[in-house]
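What's counted below: heavy atoms across the whole structure, side chains too, no hydrogens, waters or symmetry copies. Every chain is numbered from 1 and lettered A, B, ... according to where its sequence line falls, protein lines coming before strand lines. Remember, it's a predicted structure, so these values are computed and weren't measured experimentally.
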Amino acid sequence: MEQGLNSDSNAPSGPIDKSKVYAVKPLRSLVPIFPDPPGMCSISTPNPTPFVCVPPSGPFPAGVQPFYPFMVSNDSQPTTTKNQSGNTGFDSSIPAPVPLNAFRTPTPHVNGDAQNQSGQFASGFSVPVPDADNASNSGKRTRGQFDDGRRANSDKDTAATVLLVYDLIRRRLTQLEEARSNTSGGFRRPDLKATNLMMTKGVRTNNSKRIGHVPGIDVGDIFFFRMELCLVGLHTPSMAGIDYMSVKVTVNEEPVAVSIVSSGGYDDDDGDDTNVLIYSGQGGVQRRDGQMFDQKLERGNLALEKSLHRGNDVRVARGIKDTINAPSKIYVYDGLYKIDESWTEKNKSGCNVFKYKLIRQPGQPEAYSLWKSIQQWRDGTAARPALIIPDLTSGAETQPVALVNDIDGEKGPAPFSYVASLKYSQPFQSSKLFSGCHCVGGCQPGDISCPCIHKNEGLLPYSSTGVLLTTKPLIHECGQTCQSPPNCRNRISQAGVKFRLEVFKTKNQGWGLRSWDPIRSGSFICEYAGDIVKVTAGDFEDANDDSYIFDAGRYYEPLERVHNSNSSMKAPFPLVISAKNSGNVSRFMNHSCSPNVFWQPILRESNNGVCLHIAFFAIRHIPPMQELMYDYGIPAKADRGKKKCLCGSMKCRGHFY
DNA sequence: GATCATTCAATATG
DNA sequence: CCATATTGAATGAT
């Protein structure tokens with residue numbers, strides 16, 4: 001292969017059999033998977049029912065009959081109470097799952113059209129993403145459907161897919177909207193617009209309200225938009241803090257709370273005990289002028305009151321300020337709580353406010369409490385347990401990287417020299433060099449005179465907050481020849497690590513990498529630093545003795561997120577990096593067959609050529625302390641150096657290289 | 001079923 | 001950093 005830069009390097013590397021790329025998966029079992037908190041029953045039968053049995057665990061106050069508010073379906077399926085008889089009355093005639101191939105992925109749109117993308121997924125549905133000219137919708141493309149089974153009850157894969165599609169559309173709309181509003185003004189919210197698309201196409205899950213956990217969502221999962229909670233059925237109102245549903249008790253119906261979002265909006269005091277939450281009722285504020293009056297025992301307030309008396313579980317999502325992206329909020333699913341007591345208080349304006357004391361149910365994984373611990377490690381009020389070195393980079397990164405081991409006695413990985421970035425002694429030759437930009441104040445979206453935007457096919461690849469917006473095979477960042485400042489948004493991968501990372505000993509995969517900070521999907525995490533390995537065309541072999549190799553020439557399963565790319569992620573020319581002797585945090589990232597991190601080639605022009613870098617971005621929102629992993633891919637010669645994969649995912653290929 | 005009111009959003013800006 | 005204005009979507013209530 002020639003080393004010259006092909007100016008058409010963005011084009012797919014060759015014709016691809018699309019039926020293979022978008023191969024329809026085998027019919028997924030639609031058995032809902034439920035966590036098993038103490039005292040809970042979960043249904044996991046080969047014949048799944050749309051009902052979820054969530055009996056509250058006693059004891060109950062005298063005179064209160066426990067009842068079992070089964071999921072109330074919007075499709076007017078019968079509700080029932082378990083104490084009527086042993087037979088729960090479940091309707092076993094579930095709708096037959098629609099074969100996925102009924103919704104075959106449409107043929108991709110005219111190739112190379114940067115303005116047209118649609119969210120196409122291997123599992124057989126697509127959501128059209130609006131283009132620049134017609135931001136409301138685009139009616140041309142065929143659309144499949146998200147089948148009823150997935151809409152009714154989620155599983156991990158379904159929930160992840162819904163969130164992925166949402167994110168994809170939202171980021172794309174953000175990119176278009178930033179460019180548009182910079183010239184025409186009036187920023188319209190991409191998060192809402194994306195939700196609307198998802199809703200109208202029916203791409204959502206757990207779409208009927210239910211009490212208790214929601215399948216496919218784990219305690220500790222994080223969300224960056226209220227709409228995400230809505231789309232996965234965790235909390236349906238787009239703004240309101242209390243979600244409730246009406247449940248039939250013998251002949252009458254009464255409201256019961258299903259979930260709350262605690263965002264600190266009603267100046268509740270945030271006590272030290274993370275298992276206790278004091279929550280204010282809703283209402284009492286005139287939204288227009290901020291005028292206040294007494295809250296009434298209606299809607300959500302009434303529902304919480306009923307849940308208190310019934311002893312029902314309430315899901316709790318905690319809203320926390322995003323320290324990295326200041327004004328926005330992160331929502332942590334903190335699991336199930338029970339309401340312990342309620343009372344009314346006078347607020348500052350002298351109006352009555354309902355108060356509810358909620359207590360977290362025991363036996364659930366750490367979630368909000370973990371955030372609090374991390375906060376203490378950070379501000380020094382508590383020591384990070386099992387800490388070996390506070391900063392293994394010795395200051396080479398802008399953020400310290402802790403080294404910890406709470407598994408065994410090993411004191412650290414084999415020594416290596418820490419380098420924060422990939423250094424080029426000699427850039428790649430390029431026949432075609434553009435001149436750099438003159439964006440002294442940083443590249444701005446919608447600036448048609450900016451050459452960097454042109455190189456990126458008309459739109460800046462990053463948002464104002466530094467989140468990757470495109471799904472392109474190659475990103476052109478500002479380089480040496482550009483006049484943009486180091487903090488230009490088109491230099492995201494050059495600005496260094498923004499998250500507080502730590503290297504830790506895993507249970508069975510040696511050392512690994514994780515983050516104290518929550519990571520928003522699309523965020524830049526780090527680049528692959530190390531020594532460039534000389535490759536003479538075709539004769540490079542993955543060295544068996546070097547497990548710190550990054551080879552951009554490996555084959556990678558196309559991620560669903562690269563919906564518009566019918567080729568696997570590929571660098572424009574061969575690049576092999578060894579981090580054995582020198583490297584950065586990237587060398588500790590382990591392999592997973594269902595990764596939460598992906599890599600992306602990035603090109604920067606220098607005075608006498610181009611430099612290719614490998615940058616890692618988050619595929620989805622990553623909660624704190626969840627291991628960061630990417631797919632190592634398959635080398636051209638996949639016969640040597642095979643290792644057993646322990647990633648444990650449903651899609652595990654069994655081994656990696 | 002259409003319309004309205006309610007709601008611990010999310011941004012941009014001063 | 002906070003306050004304010006602006007634009008808004010889902011859902012239950014009417």
Side-chain angles (χ1 to χ4, degrees), chain A residues 72 74 135-136 166 169-171 173-174 177-178 180-182 184-200 202-204 206-209 223-247 253-270 277-293 295-296 298-304 314-323 325-332 334 347 353-356 358 444-445 463-465 467 520:
Chain A
V72 175
N74 289 340
S136 62
Y166 175 72
I169 295 175
R170 189 186 52 74
R171 274 146 65 178
L173 290 172
T174 302
E177 187 58 18
E178 280 190 341
R180 190 202 59 78
S181 67
N182 236 21
S184 327
F187 191 84
R188 303 201 194 103
R189 292 179 47 183
D191 59 321
L192 299 183
K193 200 173 280 182
T195 305
N196 193 254
L197 263 171
M198 299 286 284
M199 290 283 179
T200 54
V203 184
R204 58 187 304 188
N206 298 318
N207 67 346
S208 322
K209 294 187 181 185
F223 305 87
F224 284 73
F225 293 90
R226 279 289 296 264
M227 290 309 197
E228 294 175 332
L229 303 178
C230 182
L231 289 167
V232 297
L234 207 52
H235 186 87
T236 40
S238 52
M239 296 177 81
I242 306 169
D243 195 6
Y244 56 97
M245 66 190 217
S246 107
V247 170
E253 296 216 331
E254 70 177 48
V256 184
V258 294
S259 59
I260 59 171
V261 174
S262 163
S263 296
Y266 281 83
D267 49 63
D268 302 315
D269 60 328
D270 192 11
L277 171 64
I278 308 295
Y279 191 79
S280 300
Q282 63 187 186
V285 187
Q286 191 76 254
R287 241 194 126 69
R288 293 288 251 284
D289 47 20
Q291 207 172 42
M292 304 203 75
F293 46 91
Q295 288 187 348
K296 297 188 192 114
E298 58 183 21
R299 306 166 191 276
N301 301 342
L302 181 60
L304 284 173
V314 178
R315 293 189 297 271
V316 169
R318 301 256 197 172
I320 300 168
K321 271 186 202 148
D322 184 352
T323 50
N325 183 16
S328 79
K329 232 171 255 173
I330 305 173
Y331 301 94
V332 184
D334 201 33
N347 67 7
V353 176
F354 286 96
K355 292 280 182 176
Y356 301 89
L358 292 99
Q444 297 302 324
S463 79
S464 57
T465 54
V467 170
R520 189 190 282 250

- Any side-chain heavy atom of A:K296 sitting closer than 4.5 Å to one from A:N301? no
- Message: Need to verify one output field. Residue with the more 5' nearest nucleotide on DNA chain B, A:D191 or A:E298?
- Response: A:E298
- Distance-minimising heavy-atom pair for A:M198 and A:I169: SD-CD1, 4.0 Å
- Query: Roughly, in whole Å, what's the span from CZ in A:F354 to P in B:dC8?
  - Reply: 14 Å
- Task: Mind calculating the distance between CD1 (A:I242) and C1' (B:dT7) to the nearest angstrom?
- Result: 10 Å
- Query: Atom CG in A:D243, atom CG in A:L229: separation rounded to 0.5 Å?
  - Reply: 10.0 Å
- For residues A:M245 and A:P255, determine if any side-chain heavy atom of one lies less than 4.5 Å from a side-chain heavy atom of the other. no
- Task: Would you indicate, yes or no, if C:dT7 has its OP1 or OP2 atom less than 4.0 angstrom from a side-chain nitrogen or oxygen of A:R188?
- Result: no
- Item | Contact pattern, 5' to 3', of nucleotides 9-14 of chain C - B, S or - by protein heavy atom under 4.0 Å | BBSSS-
- Query: Would you say A:R299 and A:I242 make side-chain contact, with heavy atoms under 4.5 Å?
  - Reply: no
- Message: Once salt bridge (charged side-chain N to carboxylate O under 4.0 Å, His left out) is applied, do any residues pair with A:D334, and if so which ones, sequence neighbours excluded?
- Response: A:R318, A:R360
- Task: Enumerate, in order of first residue number, the stems that involve DNA chain C, defined as 3 or more consecutive Watson-Crick or G-U wobble pairs with both distances under 3.5 Å.
- Result: B:2-7 with C:9-14, B:9-14 with C:2-7
- Query: Taking C-beta and beyond as the side chain, do A:C230 and A:M199 meet within less than 4.5 Å on heavy atoms?
  - Reply: yes
- Query: 5'-most contact on DNA chain B: A:N325 or A:G241, nearest heavy atom basis?
  - Reply: A:G241
- Distance in Å, A:S263 OG paired with A:M239 CE, rounded so as to fall on 0.5 Å steps: 11.0 Å
- For atom NZ of A:K296 and atom C1' of B:dT6, their distance in whole Å: 11 Å
- Task: Return no unless some side-chain N or O of A:Y331 is found under 4.0 Å from OP1 or OP2 of B:dA10.
- Result: yes
Can you give me the N/O atom pairs linking the protein to nucleotides 12-14 of chain B at distances under 3.5 Å, or say none if there are none?
none

- A:R520: side-chain contact (heavy atoms from CB on, under 4.5 Å) partners, not counting sequence neighbours: A:F224, A:F225, A:D322, A:N325, A:S328, A:V467, A:S523, A:H621
- How long is the line joining CZ of A:R171 and P of B:dA10, in whole Å? 17 Å
- Task: Specify the separation, in whole Å, of atom CZ of A:R180 and atom C1' of C:dT7.
- Result: 12 Å
- For A:R226, salt bridge (charged side-chain N to carboxylate O under 4.0 Å, His left out) partners two or more places apart: none
- Query: What is the distance, rounded to the nearest whole Å, between atom CD of A:E177 and atom P of B:dA10?
  - Reply: 17 Å
- Message: Output the rounded distance in Å from CG (A:L173) to P (B:dA10).
- Response: 16 Å
- Which residue, A:L231, A:L197, A:V203, forms the side-chain contact (heavy atoms from CB on, under 4.5 Å) with A:Y166? A:L231
- Task: Any chance you could measure A:F354, atom CZ, to A:Q282, atom CD, to the nearest 0.5 Å?
- Result: 11.0 Å
- Can you check the A:N301 CG to B:dC8 C1' distance for me, whole Å? 12 Å
